[in-house]
Amino acid sequence: METAWKKYEGKKLKPVMDFNADYIEYLSNSKTERESVTNAIALAKNAGFKDLNEVKKVKAGDKLYFNNRGKSLLMFVVGKKDLEEGMNILGAHIDSPRIDLKQHPLYEDAGLVLLDTHYYGGIKKYQWVAQPMALHGVVCKKDGTTVEIVIGEKDDDPVLGISDLLIHLSADQMQKSGAKVVEGEDLNVMFGSIPAASKKDEKNLVKKNILNILKEKYDIEEDDFISAELEIVPAGKARDYGLDRSMVIGYGHDDRICAYTSLRAALEIEKPERTACLILSDKEEVGSNGNTGMHSRAFENALADLLDKMGKYSELTIRHCLRNSMMLSSDVSAAFDPNYPSVSSPNNNNAYFGKGIVLNKYTGSRGKSGSNDANPEFIAKIRKVWDDNDISFQTSELGKVDQGGGGTIAYILANMDVDVIDAGIAVQNMHACYEVASKVDIYEAYRAYKAFLENIK
Ligand code: MN
Ligand code: MN
């Protein structure tokens, strides 16, 4: 497979770069699942999509979205064929590894106020210290209002961060294994250090001052943290990467990179034969559980609503729809890294930057365990559509056999009787604060997703 860049020499490069500029903007402004949903809905509304809950009757050609609790999103472009004949589905996740605040986060120690945290997803904890971080999320108050908080993204905002031990005093620490160099309970976030003015000899005056600021700026009390979802994420925007600007570095490529490319494909679908469906799911990084995760019945419930509004609801119709559906589980792959060649799969079974979208027949670990191993009959259909549409694609394993492994939402839909294969974009530094991907792979993925939605049958 030759480089995908070959197709975009000279003036042909502009659409690739323009698409990536749009992606960089989306990624920079979508650092939580909630922000990803809000920004996706804004784009969907612009493209003529309507809220399924606000529509009484649904017919072919309609463009609809279903917002699940602000944290996951479904979109449909209704096809001419009966839904019973199945949908063409793209599914990505919009949660990313991060560090969540505990429910009692605030404490004072040695004249400093810190935030106690519990990390979310699989991270190498030592990568998340000594960096400028931002705080994103919501605080839900007893009066029913929700306060949205973003600290650390504007140029004049303060940033937060987690300390690391100075090298001068790290003799003991440097002897520890990578998993223990920085431990989970040590991921405490620096939040402030000025004591509140006081005439008495009071304790915890720094915390008092911080609480005063929170009250003044956000009208929240300490107890309001009990009903909050606040996430510590790397501060700042995604950027071009490499002197030739061929790559993008940013927080949360996994998996907003496939979410955005799938979304852009879905937004451009008009009057399809088979219904096009986009799933942006939450909680993938922690096992896809909960009512916003892919294991939830929320997907089938929304499908039931859709069929009902077409006057075609029955339990059997839903079962047939799922059985006849085909899906690309759009999630990231591991890109070959010349700094760490030893973990790669040999013999052209690894993903490379610049060679297009990546098909993973299976993921899993220790002998494909836990994986949806896609059916070759289905893969043949995809190859045909992509070859017919001049899409650059490659196939890959997640590293060499028994080196590690991973999973996606593919098996969950496959367990619902859908034909599914993983198809996504290769990244370096997966789950680090800043991940890297190739712009041409991003563009090819968008084209591949669109070709899939329009042509697979
Ligand atoms: Mn992922
Ligand atoms: Mn991941």
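All of these numbers come straight from a predicted model, not from anything done at the bench. Read the numbers this way: they start at 1 and go in the same order the structure lists the ligands and their atoms.
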Worksheet item: Which atom pair, heavy atoms only, marks the closest approach of Tyr449 to Cys258?
Response: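 Shortest heavy-atom separation between Tyr449 and Cys258 comes out as OH-SG, 3.7 Å.
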N/O/S atom of [X] under 2.8 Å from the Mn ion (ligand 2), yes or no?
| X | value |
| --- | --- |
| Glu285 | yes |
| Asp255 | no |
| His93 | no |

Item to complete: Starting from the Mn ion (ligand 2), look over the N/O/S atoms of Asp254 and name the nearest one.
Response: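 Sorting the N, O and S atoms of Asp254 by distance to the Mn ion (ligand 2) puts OD2 first.
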Fill in: Whether Asp373 side chain and Lys368 backbone form a donor-acceptor pair below 3.5 Å
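Checking the backbone N and O of Lys368 against the side chain of Asp373, no donor-acceptor pair under 3.5 Å is found.
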Worksheet item: Has Arg319 got more than 12 heavy atoms of other residues, nucleotides or ligands less than 6.0 Å from its CZ?
Response: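 Yes, CZ of Arg319 has more than 12 neighbouring heavy atoms, counting only those of other groups under 6.0 Å.
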Worksheet item: Does atom NZ of Lys176 have more than 12 heavy-atom neighbours from other groups under 6.0 Å away?
Response: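 Count over threshold, so yes.
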Practice prompt. Could you tell me whether the Mn ion (ligand 1) has an N, O or S atom of Glu284 under 2.8 Å away?
Written response: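 Not a single backbone or side-chain N, O or S atom of Glu284 is under 2.8 Å from the Mn ion (ligand 1).
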Discussion item. Given Tyr443, which partner from the list Tyr23, Tyr260, Tyr8, Trp5 fulfils the ring pair (Phe, Tyr, Trp, His ring centres under 6.0 Å) test?
Written reply: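 The residue from Tyr23, Tyr260, Tyr8, Trp5 that satisfies ring pair (Phe, Tyr, Trp, His ring centres under 6.0 Å) with Tyr443 turns out to be Tyr8.
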